[in-house]
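In what follows, a single structure is set out as structure tokens and then discussed.
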Amino acid sequence: MKPMKDLSANIAGLPINPAITNASGIYPYPSMLKRLAEYDIGAVVTKSVTYDEREGHESPVFEKCSDGAYINAVGLSCPGYKQIKQELEDAQPIRKPLIVSLAADTENEAIEMIEAFDGFADAFEMNYSCPNISPGETCGMAIGKYPRRIESLTRAAKESTKKPIITKLPPRGDRFEFLESVDAAVSSGADAISAINTIADAMKINIEAKYPVLSNKYGGLSGHGIMPLGVGRVYMIREKYPDIPIGGIGGIKDAEDIIEYILAGADYVAIGTDLGIKTTIGAGEYLTSLIKKIEEYMDKNNIISLRELGGVAHEK
Amino acid sequence: MKSDDYSKYLIKDITEETSKIRTFEFDREIDAKPGQFVMAWIPGVSSNPYSVAKSIPFWLTIKKMGDKNSFSSKAFEMDIGDELYISEPRGNSFLDFLKEEVDQFFLAGGYGSIPLAPLAEIMDKKPQIIMLGAETREKILYEKRFKENSKNVKVTTDDGSYGLRGQITDLLQSDTFIDPGSQFFVCGPNEMLDKSGEILTEKGVDEDNIIMSVNRYMKCGKGGCGSCGIGEYRACVDGPVFSYEQIKDGLKYKRGKSGRIEYSQHIQFGLFE
């Protein structure tokens, strides 16, 4: 008999087994996360919670541009954290660790929301990366592109809880600019970094209508096509910070994509678009097939623990 | 694969069903199964989900809702020859649930007639009984289509202006003709679905023999945003047709645009309300 394989990750004390989560925004409501948690997934992540109610953008909000390229501008819709807190309480028990994603505008909002969720969240993911905010808004990427704001929010979050704080960064600029954001997160005490979010300000024009399809016109680019950018961002974080836990996000479709992220230095991965577009039952089958294929790869490479692959692409 | 979600369709005919409901006929057919929906888009305005009312020719039946800038208000300003942008048909179909070996009952409340009419037309063995309800006689939709496809159409109106006074759920409650071994296809306002499910299960009908098409606030229409959540499911990719067993808890509430939960009995954003 072959030995049991270990596909787990450890994020600042939080076990994620297997090392796969949904990306925030996919399966947005607690009743859906409860179902998702029944599947082969290591943790579930809420849609980003905002302090106040937000309606988000008008439809169309999510469209396919080509195979492997989607754009979305949902616009951080949320009924407000109080309702989500109630729904999460009602949905208990959720069978996997729960990561609460927060899109705070200010330090005070972050502190209040962390207090509200601290009782049942296993970790928090700070959304510094949603690109679909309107001019003048101060959450999402309006944090991620300013290292000072990353530091200030992350410090406030760290002081409010003992739970791990994961900072989710946008793929800002070139690697020198991006690493400024990473430096800010690490120096202010982030327990882990997840990257990337969708790539800002993409557009699809319908050539019959001769008009942009998204009602927000611009949207974040997602899907398999963005994966090389995500892998590059993860690689550069790992290159500079050998020990910080990393969540690799962006364009994952198949098991080999997950392995690629792990080789680049990710400890765990999150799947967005390609998980979201499936039926709920289809998502369960998909996750099971990913695990099976990862195990096959491990067999072939004589590996018992996925961690043996962590950052291997940096060696030689 | 086509890289875009929306194709141009020209309006060929418009029928005024009621003062607030119009049926738009388009210049070409669509390959949709009964119960499937499309996203319809007006560039620069917004998009909305609609059940396909008929595939050949392609009909959408649209209810005017919201303010003057809403999708449906703008659609009501359109004329023959104008263009609407339509996605490929999405979601599942009533046919995925249809059991040939038992009898079918239809319960169509208000705009709930829209997805059920094409189902009645496509079935080899026609529905045993169709219950058709609306607030007033004027709001009864597709009576002719249903009468052509069932020998027994029972009509109810809230005000008694046509057929029996009351609602379909009153008819269900009082009636003795219900055969618990049959299948029940239900579409209508959320409260009607909720109540019908309760009444039918009390009468001994299996929860998975009660098939419902639901309407939820839908934004992306392809699984990504989750706005159309009903319990653990998303109406766009998992439905819009479900068995009562799958959604009975989800029928207890609806969500608004932000995701805010609304328990009110008169939620006014749903197509079938």
Side-chain angles (χ1 to χ4, degrees), chain A residues 25-36 38 47 50 52-67 69-70 72 74-80 83-84 86-87 91 204-213 215 217 222 272-273 275-283, chain B residues 1-9 39-49 66 69-71 83-88 90-92 217-234 236-239 242 246-247 249-250 252-253 255-262:
Chain A
I26 300 296
Y27 288 70
Y29 298 118
S31 53
M32 298 172 182
L33 292 175
K34 184 183 175 76
R35 169 70 177 260
L36 189 62
E38 307 282 325
K47 179 173 167 68
T50 58
D52 294 313
E53 183 177 9
R54 289 174 61 101
E55 291 197 328
H57 297 303
E58 288 290 331
S59 295
V61 295
F62 176 49
E63 298 302 324
K64 185 174 181 177
C65 304
S66 67
D67 286 344
Y70 291 77
N72 89 80
V74 176
L76 281 176
S77 54
C78 179
Q83 182 185 308
I84 297 297
Q86 184 62 51
E87 286 189 62
K204 172 69 191 173
I205 295 170
N206 181 296
I207 63 166
E208 286 185 298
K210 304 176 183 71
Y211 199 79
V213 180
S215 63
K217 294 184 181 167
S222 74
T273 302
L275 186 64
I277 59 178
K278 293 179 172 61
T279 63
T280 301
I281 290 168
Chain B
M1 174 167 239
K2 199 173 161 297
S3 72
D4 213 319
D5 281 334
Y6 293 98
S7 306
K8 182 160 78 179
Y9 284 73
M39 297 298 288
W41 174 49
I42 303 174
V45 179
S46 61
S47 64
N48 248 5
N69 295 316
S70 73
F71 176 91
E83 58 203 41
L84 263 178
Y85 289 81
I86 309 288
S87 75
E88 76 291 358
R90 295 179 183 178
N92 64 355
Y217 198 110
M218 197 180 279
K219 288 185 178 175
C220 83
K222 54 165 161 284
C225 75
S227 301
C228 61
I230 175 157
E232 64 205 75
Y233 297 107
R234 290 155 291 159
C236 63
V237 287
D238 294 315
F242 295 95
Q246 289 176 290
I247 53 163
D249 294 335
K252 298 296 177 197
Y253 61 91
R255 292 179 191 274
K257 196 173 176 187
S258 69
R260 178 199 283 274
I261 286 180
E262 295 169 20

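A note on names: the letters A, B, ... follow the listed sequences, proteins ahead of strands, and every chain is numbered from 1.
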Side-chain donor-acceptor distances from residues 25-33 of chain A under 3.5 Å, at least two apart:
residue: A/Tyr27; atom: OH; partner: B/Arg234; partner atom: NH2; Å: 2.9
residue: A/Ser31; atom: OG; partner: B/Gly231; partner atom: O; Å: 2.7

Worksheet, complete the sentence: Partner of B/Ser258 under side-chain hydrogen bond (donor to acceptor under 3.5 Å, both in side chains), picked from A/Glu55, A/Arg54, A/Glu53, is A/Glu53
Practice prompt. Can you see which heavy atom on B/Lys257 is nearest to which on A/Gly56, and at what distance?
Written response: CE-O, 4.4 Å
Worksheet, complete the sentence: Ranking B/Val237, B/Asn48, B/Val45 by heavy-atom pairs under 4.5 Å to chain A gives rank one to B/Val237
Practice prompt. Sort A/Thr273 into side chain, backbone, both or neither according to what part of it lies under 4.5 angstrom from a heavy atom of chain B.
Written response: neither
Worksheet item: Counting only N and O atoms by type, is there a donor-acceptor contact under 3.5 Å from the side chain of B/Asp238 to the main-chain atoms of A/Thr280?
Response: yes
Practice prompt. Could you tell me whether A/Lys64 and B/Glu88 have a side-chain N and a carboxylate O separated by less than 4.0 Å?
Written response: no
Discussion item. Within the supplied structure, the quantity of interest is the number of heavy atoms (other residues, nucleotides, ligands) at a distance under 6.0 Å from A/Ile281 CD1; does it exceed 12?
Written reply: no
Item to complete: Can you tell which part of B/Tyr85 gets under 4.5 Å to a heavy atom of chain A, answering side chain, backbone, both or neither?
Response: side chain
Worksheet entry | A/Lys278 NZ: over 12 foreign heavy atoms closer than 6.0 Å | yes
Practice prompt. Looking only at non-hydrogen atoms, find the nearest pair between A/Tyr211 and B/Trp41 and report the distance.
Written response: O-CH2, 3.9 Å
Worksheet entry | Portion of A/Glu87 that has a non-hydrogen atom of chain B nearer than 4.5 angstrom | side chain
Worksheet item: Is A/Gln83 reaching over with its side chain to a backbone N or O of B/Ile261, donor-acceptor style, under 3.5 angstrom?
Response: yes
Worksheet item: Should A/Pro60 and B/Tyr6 count as side-chain neighbours, where that means a heavy-atom distance under 4.5 Å?
Response: yes
Response to the item:
Shortest non-hydrogen pair, B/Cys220 vs A/Phe62, comes out as CB-CB, 3.4 Å
Item to complete: Sequence neighbours left out, what passes salt bridge (Lys or Arg N to Asp or Glu O under 4.0 Å) with B/Lys8? Give chain and number order.
Response: B/Glu83
Fill in: Pairs of heavy atoms under 4.5 Å with chain B: top-ranked of A/Ser222, A/Gly272, A/Ala209
A/Ala209
Response to the item:
From the list A/Gly80, A/Ala283, A/Cys78, the residue making the most non-hydrogen contacts under 4.5 Å with chain B is A/Cys78
Worksheet item: So which of B/Cys236, B/Cys225, B/Ser87, B/Gly221 has the biggest tally of heavy-atom pairs under 4.5 Å with chain A?
Response: B/Cys225
Worksheet item: How long is the gap from CD on A/Glu63 to NZ on B/Lys222, to the nearest 0.5 Å?
Response: 4.0 Å
Item to complete: Could you tell me which portion of A/Lys210 (side chain, backbone, both or neither) has an atom closer than 4.5 angstrom to a non-hydrogen atom of chain B?
Response: neither
